[in-house]
K.L.:
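The structure under discussion is supplied below as structure tokens; questions concerning it will follow.
Quick note: numbers below take in every heavy atom, side chains included, and nothing from hydrogens, waters or symmetry partners.
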Amino acid sequence: MAVLPAENPYVVGMYISDPEKFFGRDDILNTLASRIQAASQAVAIRLSGQRRIGKTSIVRVFQRSHRHIALPVFISMQITTQTIEILLDRFKNYILDELLYDQGAAELPAALAAFRARDQLSRYEFHHSFIPAVIKVLGDRPLVLIFDEFENLANDYLDSVRQALLPLLVDLLDLRIGMIFVIGDPKADISPDFAWLFRQASNIHTSFFTLEQTEQVLRRTAGDTLNFQPDGIARLFALTSGHPMYVSAFGSLLWDHYHHTGTPLKAMQVDAVLSQVMQEVEMAFVYLLRHTITVLERQMLHEIMKRQPRYPDRKVPVSALAQDFGGFELRPETAWQIVQMLVRREIIGFELAPDDTERVYFLIEPMRRWVEHQGQPPTPEELEAELLILQPDVKRAADDITIFISYSRTDWDEFVTGLVDRLDHAGYNVWVDQHLMKGGEDWMDALGKALDQCSLLILVASPDAIASRYVKMEYRYFFHADKPIIPLMLKPVKLPPELHLYQYIDFSMGSLDSHFEQLFQALKAVT
């Protein structure tokens with residue numbers, strides 16, 4: 001049995017700066033190094049990716065592990081200063097501190113010592129005096145400024161700083177100063193000027209671990225003292241999609257649970273600690289889903305979560321998300337626009353099914369569970385205010401539930417007419433096409449309107465109904481629109497695959513009154 005160190009090696013919610021403890025991102029570190037080394041002139045790099053993905057750890061490790069090719073200077077842009085002079089003073093001190101550490105010296109070179117005592121250099125002095133002195137001391141090694149959380153400059157109170165900083169950065173590029181802009185909020189608007197600067201930069205996107213990287217992080221972080229079984233790693237990867245924060249959270253809890261015994265990690269053990277992982281990363285979820293996500297994105301997560309159980313693979317057609325979106329009706333293009341926001345955040349995944357249906361799903365299972373049990377949907381007032389920006393003509397979903405009856409006319413006299421009477425008597429609005437000539441122009445117009453406006457379909461299933469191409473068209477329309485379907489088995493018949501998801505009510509035998517009672521209970525459940 002392995003004897004494990006007492007200290008938990010997994011890090012949750014904190015950046016890593018020690019290259020010896022950092023795994024799984026060699027590809028990005030190598031890309032950063034190659035782009036800085038290959039540049040014959042200044043190089044600008046935009047390192048982007050959602051929050052809690054490990055960007056700060058990447059640049060901190062790069063700062064320590066690649067100083068032989070450059071002098072990387074880490075600069076946090078979590079600032080409140082409202083003057084460019086104070087900001088440049090911080091930049092100056094960051095650079096001088098890194099030089100001291102780099103050279104292992106107690107004092108700065110004489111050419112730079114005088115700048116330490118200077119407060120609030122002007123932009124001209126910073127550009128034309130201070131930076132050239134640093135470049136001269138470094139010799140052939142380039143200076144690389146790493147701006148972490150650069151999107152914070154989007155804050156309104158930093159308008160004057162932002163406007164003054166852009167021309168300075170452009171001037172510094174002319175001096176062959178390397179720059180890495182770390183961007184963690186994809187929706188932050190850092191003004192059109194910075195957007196131009198980013199277009200000149202090469203982009204590196206930091207995403208989730210692959211399965212191989214996940215395995216590397218788990219095994220190498222533990223130093224081979226935990227016996228991670230392949231099925232356990234595969235299960236963990238399936239739950240997290242390789243999101244570094246959740247991989248670390250699982251690793252941390254599994255270490256705590258099993259480090260005394262050295263028990264191999266099985267798939268069932270991953271599920272056993274899932275609820276504790278949720279507690280471990282709760283604050284991160286709160287930050288992500290309450291403080292950085294928009295009202296429309298939050299509602300879309302609830303809509304996807306609510307609809308997933310209806311689909312065996314838990315992948316929801318985008319077209320189904322426009323219907324009754326938190327009490328509102330969306331155009332398909334509006335629903336797709338909101339979906340794209342979440343896809344860019346890597347909160348949900350997107351795929352094109354073999355039938356060309358666009359479908360979405362949760363990438364990270366713990367996030368879906370958090371939305372289900374903890375996340376609060378926006379209020380109708382909040383939702384309407386945001387929807388009106390995307391779709392000015394947005395309307396609330398109809399309050400009245402109209403039931404579409406899909407049936408074969410051979411079953412009208414025997415059963416359907418009595419069904420309509422009972423539903424009418426119970427107060428339900430019912431649409432049937434009995435008074436229209438099937439296949440005629442009026443029928444087609446009325447049918448199209450009814451399919452769009454009705455909220456629920458009752459399918460009267462019989463051999464004739466299931467064989468009807470019109471009936472098939474009707475229930476398939478409701479199926480793809482993700483609107484409820486209640487099949488009534490009037491006569492024994494094999495239901496088509498699309499209807500296997502629905503529990504039918506068997507009217508082919510037994511008490512008619514008891515069957516109608518089941519129907520009314522089913523209607524209450526879905527309305």
K.L.:
Within a strict 4.5 Å, meaning less than it, do heavy atoms of the Phe479 and Leu457 side chains meet?
P.N.:
no
K.L.:
Assess the residue pair Phe404 and Gln453 against the criterion (side-chain contact (heavy atoms from CB on, under 4.5 Å)); give the C-alpha distance rounded to whole Å, side-chain angles, the decisive distance to 0.1 Å, and a yes or no.
P.N.:
CA-CA 9 Å; Phe404 187 106; Gln453 294 183 350; over 6 Å; no
K.L.:
So Gln518 and Asp506, do their side chains get closer than 4.5 Å, heavy atoms only?
P.N.:
no
K.L.:
Can you check whether Asp464's main-chain N or O pairs, donor with acceptor, with Lys491's side chain at less than 3.5 Å?
P.N.:
no
K.L.:
Would the distance check show the side chain of Ser252 and the main-chain N or O of Ser248 forming a donor-acceptor pair, the cut-off being under 3.5 Å?
P.N.:
no
K.L.:
Phe22 and Leu29: side-chain contact (heavy atoms from CB on, under 4.5 Å), yes or no, with the steps?
P.N.:
CA-CA 11 Å; Phe22 186 72; Leu29 291 173; 4.2 Å; yes
K.L.:
CD1/Ile485 to CD1/Ile458 distance, rounded to the nearest 0.5 angstrom?
P.N.:
11.5 Å
K.L.:
Name the residue from Phe507, Phe520, Tyr504 that meets the ring-ring contact (aromatic ring centres under 6.0 Å, His included) definition with His515.
P.N.:
Phe507
K.L.:
Within the side chain of Glu303, is there an N or O that forms a donor-acceptor pair under 3.5 Å with the backbone of Gly326?
P.N.:
yes
K.L.:
If you look at every heavy atom in Pro377 and Gln299, which pair is closest and at what distance?
P.N.:
CB-OE1, 3.9 Å
K.L.:
At what distance, to the nearest 0.5 angstrom, does CD1 of Ile16 lie from CD1 of Ile58?
P.N.:
10.5 Å
K.L.:
Under a 3.5 Å threshold, yes or no: a donor from one side chain and an acceptor from the other, between Glu333 and Gln337?
P.N.:
no
K.L.:
Picking from Val394, Thr294, Leu296, Ile338, what satisfies side-chain contact (heavy atoms from CB on, under 4.5 Å) with Glu386?
P.N.:
Leu296
K.L.:
Grab the two heavy atoms, one from Phe209 and one from Phe237, that are nearest each other, plus how far apart they are.
P.N.:
O-CE1, 3.3 Å
K.L.:
So, the side chain of Lys55 versus the backbone of Gly49: is there a donor-acceptor pair under 3.5 Å, distance only?
P.N.:
yes
K.L.:
Taking the side chain as everything from C-beta on, heavy atoms only, tell me whether Val247 gets closer than 4.5 Å to Gln213.
P.N.:
no
K.L.:
Kindly determine whether Val416 and Leu490 satisfy side-chain contact (heavy atoms from CB on, under 4.5 Å), including the steps that lead there.
P.N.:
CA-CA 10 Å; Val416 180; Leu490 179 62; 5.8 Å; no
K.L.:
May I ask you to check whether Glu346 and His243 show a side-chain donor-acceptor distance below 3.5 Å?
P.N.:
no
K.L.:
Identify the heavy atoms of Ala320 and Asp482 that sit nearest to each other, and give their distance.
P.N.:
CB-CB, 2.9 Å
K.L.:
Counting N and O atoms only, with roles assigned by atom type, does the side chain of Glu365 sit under 3.5 Å from a partner on the main chain of Leu239, one being a donor and the other an acceptor?
P.N.:
no
K.L.:
Looking only at heavy atoms, which two atoms of Pro496 and Tyr475 are closest? And how far apart?
P.N.:
CG-OH, 3.0 Å
K.L.:
Can you find a heavy atom in the side chain of Leu330 that is under 4.5 Å from one in the side chain of Gln391?
P.N.:
yes
K.L.:
For Phe198, does the six-membered ring have the charged nitrogen or CZ of Arg46 within the cation-pi criterion, i.e. under 6.0 angstrom from the centroid and within 45° of the normal?
P.N.:
yes
K.L.:
Using 0.5 Å steps for rounding, measure from the CD1 atom of Ile233 to the CD atom of Gln216.
P.N.:
11.5 Å
K.L.:
Could you tell me whether the side chain of Leu342 reaches within less than 4.5 Å of the side chain of Val360, counting heavy atoms only?
P.N.:
no
K.L.:
Testing the basics here: between Ser48 and Asn203, what is the closest heavy-atom pair and its distance to 0.1 Å?
P.N.:
OG-OD1, 3.5 Å
K.L.:
What is the minimum heavy-atom distance between Arg345 and Gln50, and which atoms define it?
P.N.:
O-NE2, 2.7 Å
K.L.:
Give the intermediate values and the outcome of side-chain contact (heavy atoms from CB on, under 4.5 Å) for residues Ile403 and Ile486.
P.N.:
CA-CA 10 Å; Ile403 299 173; Ile486 300 178; over 6 Å; no
K.L.:
Report, as yes or no, whether the 6.0 Å neighbourhood of atom NZ on Lys21 holds more than 12 heavy atoms from other residues, nucleotides or ligands.
P.N.:
no
K.L.:
So, the side chain of Ser319 versus the backbone of His480: is there a donor-acceptor pair under 3.5 Å, distance only?
P.N.:
yes
K.L.:
Is the side chain of Arg422 donor-acceptor paired with the backbone N or O of Phe516 at a distance under 3.5 Å, no angle test?
P.N.:
no
K.L.:
With a 4.5 Å cut-off on side-chain heavy atoms, are Arg359 and Asp313 touching?
P.N.:
yes
K.L.:
Taking the side chain as everything from C-beta on, heavy atoms only, tell me whether Tyr477 gets closer than 4.5 Å to Met473.
P.N.:
no
K.L.:
Please report the interatomic distance CD1(Ile180) to CG(Leu32), rounded to the nearest 0.5 Å.
P.N.:
5.0 Å
K.L.:
How long is the span from the CE atom in Met245 to the CD1 atom in Ile53, to the nearest 0.5 Å?
P.N.:
8.5 Å
K.L.:
Do Thr31 side-chain atoms and Asp27 backbone N/O form a donor-acceptor pair below 3.5 Å?
P.N.:
yes
K.L.:
Working to the nearest 0.5 angstrom, can you tell me the gap between Phe415 CZ and Ser408 OG?
P.N.:
13.0 Å
K.L.:
Could you tell me whether the side chain of Tyr361 and the main chain of Gln308 form a donor-acceptor pair under 3.5 Å?
P.N.:
no
K.L.:
I'd like to check Tyr470 versus Leu447 (side-chain heavy atoms, cut-off strictly below 4.5 Å). Are they in contact?
P.N.:
no
K.L.:
Donor-acceptor check, side chain of Thr240 to backbone of Tyr246, threshold 3.5 angstrom: yes or no?
P.N.:
no
